[in-house]
**Q** 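Take a look at this one; I'll ask things after.
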Amino acid sequence: MDDQALFDEMNRLQQEIRLHNYRYHVLDAPLISDYEYDHLLVRLREIEAIHPDWVTADSPTQRVGAPISGKFAKVVHPAPILSLANAFDLEGVRAWYERISRLDDRVESADFVTEPKFDGLTVVLHYRQGKFVQGATRGDGEVGEDVTSNLRTLMSIPLRIPVNPDGPVPPDYIVIRGEVMIFKNDFEELNRRLEEAGEKTYLNPRNTAAGSLRQLDPNITAQRPLTLLTYAIVATDGPVPNKQFEVLQYLRDLGFPVTDHARYCKDFETMLDCSAAALQMRDELPYEVDGVVIKLNDLSLSEDLGIVGKDPRGALALKYPAREVTTSLKDIGVNVGRTGVLTPYAILDPVEVGGVIVKQATLHNFDYIAEKDIRIGDRVLIKRAGDVIPYVIGPVEDLRTGDEKIFTPPEVCPACGQPVERLAGEVAFYCVNAACPAQLVRNLEHYVSRSAMDIVGLGIKIVEQFIEAGLVKDVADLYTLKREDLLALEGFAEKKADNLLDAIDASRQQSLARLVNALGIRGIGEVGAETLTHFYRDLDELKAADYDALQQIEGFGPNIAQAIVDWFERPANLNLLKKLKTAGVWPRVEAASSESTASEGTLSGLSFVVTGTLTTYSRSEVKELIQKNGGKVVGSVSKKTSYLVAGEDAGSKLEKAQQLGTPIIDEAELLVLIRKGIAKE
Ligand code: IVH
């Protein structure tokens with residue numbers, strides 16, 4: 001092949017690879033497989049190896065491999081890299097609008113653009129004759145650091161523009177501003193990989209992105225999943241749009257990555273709506289945002305309005321409540337749960353996160369503390385997002401003084417002093433002492449709670465009093481409490497004692513479902529307990545239930561079945577059952593029937609499987625209805641099943657019924673069946 005042909009091939013390859021980079025890294029819509037892409041790159045490298053003199057800095061092969069620099073050179077920005085004034089609510093936005101309206105009449109009829117406020121770090125990208133020639137950090141806004149070699153490794157940064165030959169021809173000189181970030185998915189993936197390799201994980205995407213970009217070795221930067229979103233033109237010597245919304249489209253046309261979440265707002269009120277809506281979108285974005293940026297669309301008007309300090313008057317950041325803050329970890333406490341699980345929690349220097357003062361945060365488990373190397377006395381980053389319980393993300397190691405103390409998990413239960421055990425294959429540490437007072441408190445708390453036995457007037461304080469006074473060693477002891485026992489306690493007068501004894505007595509009448517829930521069997525809550533009572537009429541029947549039958553029940557699996565069997569095997573629990581029976585706390589389900597003992601009715605002799613989301617009744621109501629009318633309810637579809645009662649989104653059971661030709665009916669048809677007694681005919 002002659003040189004000219006080779007040279008042409010090289011140029012073709014470069015152009016093709018550039019486009020594929022763009023499709024893959026900017027549009028997230030690749031046209032070829034990684035395998036094909038690699039081949040193009042291999043061929044390009046081959047040609048460049050034959051003719052090293054042909055290699056130019058904007059070749060796609062030139063993203064990695066730059067030498068380690070001793071430190072970063074300074075770059076004077078062509079124009080100040082401005083910041084943004086903040087508002088914290090829509091009132092603040094109004095106040096800004098009124099301020100600038102007073103300065104210029106044009107503001108009243110102005111249109112706006114809202115954009116996500118990317119939580120990354122600003123970069124300034126210089127292009128000459130369409131080639132990426134320099135990239136800098138923001139620095140102090142006047143002078144930044146030259147991180148060109150590092151930025152070249154970001155596949156979403158075009159080394160040559162326009163990326164698509166059909167795109168607009170850019171001015172000879174153009175400087176673009178954008179934000180470098182790590183997307184949420186990529187961050188999780190990065191941490192997962194590190195965890196697997198037994199290495200330390202990163203705290204959050206922003207800090208990781210910042211640290212990665214300021215690496216002296218570009219090869220390290222290349223290994224981090226950094227991406228870019230652009231939003232402004234800092235300087236240029238050619239014509240460019242002077243409306244913000246058009247600038248975004250222009251950048252997109254040149255091949256730069258631009259958010260899809262910018263909104264054009266025709267007037268102030270629309271802009272307020274957009275800003276409020278943006279807040280709701282926060283969790284749906286693939287990257288972290290810390291607010292919404294509101295910009296006048298007319299960039300000439302913006303420029304005319306001028307600058308206050310470092311903040312242009314024509315734009316404003318509406319900040320979201322912080323979700324992550326740092327504070328001091330004063331100590332680590334250990335909670336003993338109802339099932340004996342020990343859970344560590346952080347005792348914090350109180351700090352405000354998103355409008356709430358946080359004093360404690362979860363540390364998940366003891367392994368987590370060790371993995372994250374969280375030490376008492378550390379400055380820690382905590383997160384409180386949405387409904388999630390505040391948790392400690394990790395320590396800010398750079399702020400360590402050397403006085404921090406490493407935490408070791410307790411060897412004995414902090415409540416009862418008995419040795420702690422760790423079950424094979426589990427992260428949790430357990431206190432296995434059935435008489436542990438901390439577990440007893442939690443147990444009783446649950447037993448008397450509203451969704452369980454609902455014993456009104458028996459709060460945690462009184463529960464603790466009972467246990468402290470040695471009056472109660474398990475929940476059955478509540479039923480043998482005497483008036484004089486209560487009167488001897490602090491804070492009890494006759495009326496209070498009588499009311500409480502009445503409430504305890506009344507709980508004997510609670511349903512079997514409530515009692516089963518109240519027992520606190522692992523994995524059995526309100527719904528599971530209710531389901532069990534459709535199959536077992538009292539605790540004796542449930543005690544006799546075998547593992548296979550239990551795991552056949554819809555919504556139950558092997559773990560729950562095993563937990564039930566285990567619970568009824570433990571001697572302390574058998575003793576408790578005996579005491580409850582003696583105390584007259586032994587509800588029975590009379591109306592409902594178990595699988596084997598269907599009562600007489602229009603559905604007798606028929607077996608039903610119920611599945612999917614029902615509209616009129618809950619699933620358990622439908623089951624009860626079937627049983628009341630003599631039908632059997634079973635967990636899975638077999639040849640013997642008479643009908644499948646299917647609601648919406650029925651899954652595998654519906655498929656099975658279709659395969660077997662089992663009649664499929666809905667709730668209405670079930671009622672017809674019951675009323676007409678078709679089953680009998
Ligand atoms: S515009 C004059 N737009 O937020 C232009 N900034 O708190 C001023 N930022 O330093 C910036 N997303 O690093 C703009 N869509 C966005 C942004 C954005 C994030 C950053 C930027 C700025 C900081 C100000």
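Every number for a ligand or one of its atoms is a count from 1 in the order of the listing. Not measured: the values here are computed from a predicted model.
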**Q** Below 3.5 Å, N or O to N or O, backbone or side chain included: is there any such pair between Val293 and ligand 1?
**A**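 So ligand 1 has no N or O lying under 3.5 Å from an N or O of Val293.
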**Q** Which residue and non-hydrogen atom of the protein lie closest to atom 12 (N) of ligand 1, and at what distance in Å?
**A**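 Checked against all protein heavy atoms, atom 12 (N) of ligand 1 sits closest to Phe118 N, 3.0 Å.
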**Q** Return yes when Pro312 approaches ligand 1 closer than 4.0 angstrom through a heavy atom, no otherwise.
**A**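 Yes, that is the case, since the closest heavy atom of the residue is under 4.0 Å from the ligand.
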**Q** Which residue owns the protein heavy atom closest to atom 3 (N) of ligand 1, what's the atom, and how far is it?
**A**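 Protein heavy atom at minimum distance: Lys295 NZ, 2.9 Å.
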**Q** Tell me, which protein residue and heavy-atom name are nearest atom 15 (N) of ligand 1, and how many Å apart are they?
**A**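 Protein heavy atom at minimum distance: Glu115 OE1, 2.8 Å.
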**Q** For ligand 1, is there an atom lying under 4.0 Å from some heavy atom of Gly120?
**A**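 No heavy atom of Gly120 comes that close to ligand 1.
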**Q** Looking only at protein heavy atoms, which one is nearest to atom 13 (O) of ligand 1, and how far off is it?
**A**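 Sorting protein heavy atoms by distance from atom 13 (O) of ligand 1 puts Thr122 OG1, 2.4 Å first.
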**Q** Between His77 (side chain only) and Arg138 (backbone N and O only), is there a donor and an acceptor less than 3.5 Å apart?
**A**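 Judged by distance alone, yes, a pair lies under 3.5 Å.
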**Q** If you measure from atom 22 (C) of ligand 1 to every heavy atom of Arg177, Lys117, Glu179, which option wins on shortest distance?
**A**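 Checking each option, the heavy atom nearest atom 22 (C) of ligand 1 is found in Arg177.
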**Q** Below 30° counts as parallel, above 60° as perpendicular, anything between as tilted: where do the rings of Phe118 and Tyr287 land?
**A**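 If you compare the ring of Phe118 with that of Tyr287, the planes turn out perpendicular.
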**Q** Do His364 and Tyr391 have ring centres separated by under 6.0 Å?
**A**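 When the ring centroids of His364 and Tyr391 are compared, they turn out to be within the sub-6.0 Å range.
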**Q** Just checking Tyr127 against Phe256, ring centres under 6.0 Å apart?
**A**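 Ring centroids of Tyr127 and Phe256 are less than 6.0 Å from each other.
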**Q** Which is it for Ala317 and ligand 1 at heavy atoms under 4.0 Å: side chain, backbone, both or neither?
**A**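 It is neither; nothing of Ala317 touches ligand 1.
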**Q** Any side-chain to backbone donor/acceptor pair from Arg206 onto Gly120? Under 3.5 Å, distance only.
**A**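 Yes; judged by distance alone, with no hydrogens or angles, the pair exists.
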**Q** Hey, which of Lys295, Glu115, Glu179 is the one that makes side chain to side chain donor-acceptor pair (under 3.5 Å) with Tyr231?
**A**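 Output: one option passes, namely Glu179.
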**Q** Can you check whether Gly92's main-chain N or O pairs, donor with acceptor, with Asp89's side chain at less than 3.5 Å?
**A**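 Yes; judged by distance alone, with no hydrogens or angles, the pair exists.
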**Q** Give the residue and atom name of whichever protein heavy atom lies nearest to atom 14 (C) of ligand 1, and the separation in Å to one decimal.
**A**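 Among all protein heavy atoms, the one nearest atom 14 (C) of ligand 1 is Tyr231 CE1, 3.3 Å.
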